[in-house]
Structures are given as C-alpha cells and as structure tokens.
Amino acid sequence: MKQLFLFIIMTSMAAFGIAQEIIEVPHEKAADVTWDHPEKEYYSQIWDNQVVTNVSVPTMEVFRPKQPNGTAVVIAPGGGLYALSIQSEGTDVAKWLNQKGITAFVLKYRLVPTGEDGVQDITDDSSPDPGKILRKVAPVMPYSVADGLSAVRYVRENAETFSIDPGKIGFMGFSAGGAVTMGVTYGYGKENRPDFIVPVYTWTYAMPVKEVPADAPPMLIICATDDPLGLAGGSTELYASWLKAGKPVGLHMYAKGGHGFGMKQQGLPSDSWIARFYDWSVAEGITVVKKTN
C-alpha cells in the first residue's frame, strides 16, 4: 500500500551532473483548494532569489551528507505561503548542514494558488489591504501544516534508509515556513513529533503563539529586532511561552538583519545564525561531533 502513496524519483541534471532525490510526501487531496497553474520554479527579481510557486503536491528533496552523524532536519522555506524562497531558505541551508554531517530534507509544502508570478501576486495583495493575504492563507495553512507533519513521519519511518537517528529529527522553518513549523509543533502526535524545532523569523500573525505542548521539543528561535514585518515581538512571545513552561529554549535576537535573510550574506552578525544553530544543537546533544584522528 505504501507504494500507492509514496515514490522516490531519481532524475539526472545533466547540465550539472547532480542527482536529485525527490520524495512525494504522503498527503490527502485538498477538498476546498484548487490550483489552476502548475508548480513553477523561477528567479524572482522582486525577491532577488530563486522561488517556487503553486505547489499542489508536497515533496521533499533529500540532501545526504558524505558522513551522516544521525541528525536530520526538515527545512520549510518561507514566502508568505504564496511562494517558497527555495534557495536562500532551502537548498543553501541544506548544503551547509550537510557539511556538518546533518541530513536535510527541503520541503515544498502546499501553497496559496497564484497566477504566473506568485511573488508579484503577494506584492499586489499586500496593498492597500494587508489582511487579504491572511484571508487567502487561512484555507491553505492546514494543508501546509499537514504536509509538515507527514514529512516528519515519513523521515522517521524511513530513518534507517537515510542513516539517521529516529530520535533526532528536527524541523526548521523560515517566516511562513516558521508558521508551518509551529503548526507542526502544536499539532503533532507520537509518530510525527519533531525532536527539536527552529523557527526563524516565524510568521506569528499566521500562526499565533498557543499553549505549549506538555512534551514540547527543545526550540531555538532566530529573528532580528529590525524585522520590517514586526515579527520580533512574536518571537519573544514564543520564547517566553517555552521559558514559562520550563521547556528547553534558546533565542538569538539580532539587532539588525531585517526579514528573509536566510543564507544571504549582509555583512551583519545575523549572517552567522546557522553556525549558532549548530553550536546549540551540539550543546543540547542533538548533534554529535564525530572525532577525527
């Protein structure tokens, strides 16, 4: 039966000599959302980044390190649920983690149906009525979160195949992907509970802070005080909720960094956020550093 819902596609990118390992995430068909345009990847001049839009079938791209240390991270790029900042908040993150022995899975979760240019659509929808974005996001978010939960479950069920520890599977999300991260955290069960979470400038307007789960996983929050979307307050509220509940939590709030910095280099301390994540994961025992002779 599993073959009816899952498959792994191996395609060769001849121009680069790279093999992609793509997994279709098990999912139920959306009952109340229709996509009129196919999934599309392109370079957005508006965001100055490679993006993906109109995801209707959730998938994950697997990034395997040469020497896996057992830790894994499901990565959910951001983009307001209209698009995915697939490079800066996805593949570049995965490649960095691979260098540290961490297996990474870049998740394409379901998005708001858009036209040919989803980035232009969210730009247009942001003015003069910013609430329009949240109204469009609302019916899709449950499916995006379901995709995140299904991704964790799939990775855990296939831990041996990926040479990872089923008890060291984390979830890292950026902006709207951070909202998906928290949706996963507030809605998990035994099989799809992430073992640690990393919400990066998480979109708390779309996924407000809620009651902390009784067995909440360790969390590291990343954000910048000068986030132009005003997300610093939500990040500190999220930190305070974990702290009050007595759960393991860390917070890196950079004075400057803006929003959507991902793996972009801006010449600011926030550029090294991912190294701080790695330090935290080692300190928490999430990542084991293998000694070399």
Side-chain angles (χ1 to χ4, degrees), residues 32-33 44 46-47 49 51 53 55 75-85 88-90 107 109-114 118-149 171-188 194 197-213 216 219-245 249 251-254 256-262 270 273:
D32 52 353
V33 181
S44 168
I46 298 174
W47 284 357
N49 195 16
V51 299
T53 58
V55 176
I75 303 167
L81 235 72
Y82 279 59
L84 299 176
S85 184
S88 177
E89 298 174 350
L107 174 65
Y109 51 88
R110 279 172 281 187
L111 301 174
V112 171
T114 63
V119 177
Q120 185 64 60
D121 285 0
I122 193 172
T123 302
D124 294 341
D125 286 349
S126 65
S127 180
D129 178 17
K132 185 177 182 180
I133 293 174
L134 288 175
R135 290 194 295 273
K136 285 190 175 182
V137 162
V140 181
M141 180 65 80
Y143 296 110
S144 306
V145 172
D147 296 341
L149 290 165
F171 204 103
M172 175 187 290
F174 302 77
S175 194
V180 173
T181 302
M182 296 316 301
V184 167
T185 304
Y186 292 133
Y188 61 72
I197 55 171
V198 188
V200 184
Y201 38 84
T202 183
W203 191 18
T204 48
Y205 299 129
M207 184 60 66
V209 177
K210 300 180 181 181
E211 183 178 352
V212 180
M219 173 169 63
L220 179 65
I221 303 165
I222 309 290
C223 197
T225 301
D226 68 345
D227 189 306
L229 301 184
L231 299 179
S235 289
T236 56
E237 183 184 357
L238 190 57
Y239 171 80
S241 70
W242 247 246
L243 185 65
K244 184 178 180 180
V249 62
L251 169 66
H252 284 287
M253 183 65 72
Y254 296 96
K256 297 184 182 297
H259 184 77
F261 46 83
S270 56
W273 71 268

Got a sec, which residues hit ring pair (Phe, Tyr, Trp, His ring centres under 6.0 Å) with His259, two or more places apart in sequence or on another chain? Tyr201
Listed partners of [X] passing side-chain contact (heavy atoms from CB on, under 4.5 Å), at least two apart:
X: Ile122; value: Trp47, Tyr82, Ile133
X: Leu134; value: Trp203, Ala206
X: Leu111; value: Val55, Leu84, Tyr109
X: Thr225; value: Met253

Using side-chain hydrogen bond (donor to acceptor under 3.5 Å, both in side chains) as the criterion, list what pairs up with [X], not counting sequence neighbours.
X: Tyr254; result: none
X: Ser270; result: none
X: Asp226; result: none
X: Thr114; result: Asn54

To the nearest 0.5 Å, how far apart are CG in Leu251 and CG in Leu220?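 Answer rounded to 0.5 Å: 8.0 Å.
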How many angstroms lie between CD in Gln120 and CD1 in Ile46, if you round to the nearest 0.5 Å? 4.0 Å
Closest non-hydrogen atom pair, [X] against [Y]:
X: Gly78; Y: Glu89; value: N-OE1, 2.8 Å
X: Trp242; Y: Met219; value: CD2-CE, 3.2 Å
X: Ala224; Y: Phe261; value: CB-CE2, 4.2 Å
X: Val119; Y: Ser44; value: CG1-OG, 3.5 Å
X: Thr204; Y: Val209; value: CG2-CG2, 4.4 Å
X: Pro113; Y: Val140; value: CD-CG2, 4.3 Å

Backbone of Arg110 reached by a side-chain donor or acceptor of Ser144 within 3.5 Å: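 Between the backbone of Arg110 and the side chain of Ser144 there is a qualifying donor-acceptor contact (under 3.5 Å).
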Kindly indicate whether the side chain of [X], heavy atoms from C-beta on, has any atom under 4.5 Å from the side chain of [Y].
X: Thr181; Y: Val198; answer: no
X: Pro213; Y: Tyr188; answer: yes
X: Phe171; Y: Leu107; answer: yes

Check the pair Phe174, Ile75 against side chain to side chain contact (heavy atoms under 4.5 Å, CB included), reporting the backbone distance first and the verdict last. CA-CA 8 Å; Phe174 302 77; Ile75 303 167; 4.0 Å; yes
Going by salt bridge (charged side-chain N to carboxylate O under 4.0 Å, His left out), name the residues that satisfy it together with Asp125, two or more places apart in sequence or in a different chain.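 Once residues adjacent in sequence are excluded, the partners of Asp125 under the salt bridge (charged side-chain N to carboxylate O under 4.0 Å, His left out) criterion are Lys132, Lys136.
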With sequence neighbours excluded, tell me which residues meet salt bridge (charged side-chain N to carboxylate O under 4.0 Å, His left out) with Asp129. Arg135
Per-pair distances, 0.1 Å, donor-acceptor, side chain in residues 229-239, under 3.5 Å, sequence neighbours excluded:
| residue | atom | partner | partner atom | Å |
| --- | --- | --- | --- | --- |
| Ser235 | OG | Leu231 | O | 3.4 |
| Thr236 | OG1 | Ala232 | O | 3.4 |
| Thr236 | OG1 | Gly233 | O | 2.8 |

